[in-house]
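I have placed the structure first, in the form of C-alpha cells, so that the comments after it can refer back to it.
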Amino acid sequence: ALDHAVPASPGAPAPPATATVTAAVTFRGLTSGQTASVTVTGTATGQVLASATVTPATDGTATRTLTVTGLPAAEPVTVLARGGTEECRASLGTGSAPPALSCQKAG
C-alpha cells in the first residue's frame, strides 16, 4: 500500500511566517576589566529576546553573535550594543530593508 499525505483542510489558516535574526557585533579598543553588552529586543514590546555580556581578549577586541529564531516575520527588532565609550543601535524592520544604524558616546 502507498501512503499518501493527507491534504490540509481547505480554508485552514497557514502557519504564521517566521524569521531568524542574527546580530554579529565586534567591539574594539576595550581595556582590561571593561565589559561590552549586546541586547536584542522586540521593538514594539520591548521584550528582551536575547542578550550577552562579553569581555575583551588581550588585544582589546570582543566579538559576540546572537541568533533569535522563530520571530514573527512582521516583528521589527532593535539591537543595542554597548562597549567602551560608545553605544550603537540598529533597528531592523520587516522585509529586506537594511537596518537603520546609529552610534553615539555612551552616557
Side-chain angles (χ1 to χ4, degrees):
L2 295 174
D3 291 331
H4 295 283
V6 177
S9 302
T18 61
T20 297
V21 172
T22 300
V25 180
T26 299
F27 301 91
R28 292 183 177 81
L30 299 176
T31 59
S32 178
Q34 279 187 313
T35 60
S37 64
V38 183
T39 306
V40 180
T41 58
T43 302
T45 63
Q47 178 183 2
V48 174
L49 305 171
S51 65
T53 301
V54 293
T55 55
T58 56
D59 67 354
T61 302
T63 300
R64 182 65 172 183
T65 300
L66 296 176
T67 300
V68 181
T69 60
L71 288 171
E75 181 175 352
V77 298
T78 299
V79 178
L80 179 62
R82 290 182 176 148
T85 61
E86 292 189 74
E87 68 178 34
C88 294
R89 179 180 308 269
S91 298
L92 305 154
T94 59
S96 59
L101 178 67
S102 64
C103 295
Q104 63 187 26
K105 293 287 183 187

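Not measured: the values here are computed from a predicted model.
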ILVMFWY cluster, L80 and V68 together (side-chain gap under 4.5 Å): no
Residues forming a salt bridge (charged side-chain N to carboxylate O under 4.0 Å, His left out) with R82, sequence neighbours excluded: E87
Side-chain heavy-atom pair T20, T67 within 4.5 angstrom cut-off: yes
Close side-chain approach of T41 to V77, heavy-atom, < 4.5 Å: no
Using every non-hydrogen atom in the two residues, find where [X] and [Y] come nearest and quote the distance to one decimal.
| X | Y | value |
| --- | --- | --- |
| P76 | G93 | CB-CA, 4.0 Å |
| P56 | A62 | CA-CB, 3.9 Å |
| L30 | G84 | CD2-N, 3.2 Å |
| A24 | T65 | CB-OG1, 3.8 Å |
| T78 | S91 | OG1-OG, 4.3 Å |

Set of residues satisfying side chain to side chain donor-acceptor pair (under 3.5 Å) with respect to S32, sequence neighbours excluded: none
Nearest-0.5 Å distance, CZ of residue R64 to OG of residue S37: 12.0 Å
Steps toward side-chain contact (heavy atoms from CB on, under 4.5 Å) verdict (L101, R89): CA-CA 6 Å; L101 178 67; R89 179 180 308 269; over 6 Å; no
side-chain contact (heavy atoms from CB on, under 4.5 Å) assessment of T26 paired with T61: CA-CA 7 Å; T26 299; T61 302; 3.8 Å; yes
Got a sec, which residues hit side-chain contact (heavy atoms from CB on, under 4.5 Å) with [X], two or more places apart in sequence or on another chain?
| X | answer |
| --- | --- |
| T55 | T35 |
| T31 | Q34 |
| P99 | A90, L92 |

Derivation of the side-chain contact (heavy atoms from CB on, under 4.5 Å) call for V38 and V79: CA-CA 7 Å; V38 183; V79 178; 4.1 Å; yes
Throw together a table of side-chain donor-acceptor distances under 3.5 angstrom for residues 45-54, partners on residues two or more places apart or in other chains.
residue	atom	partner	partner atom	Å
T45	OG1	Q47	N	3.1

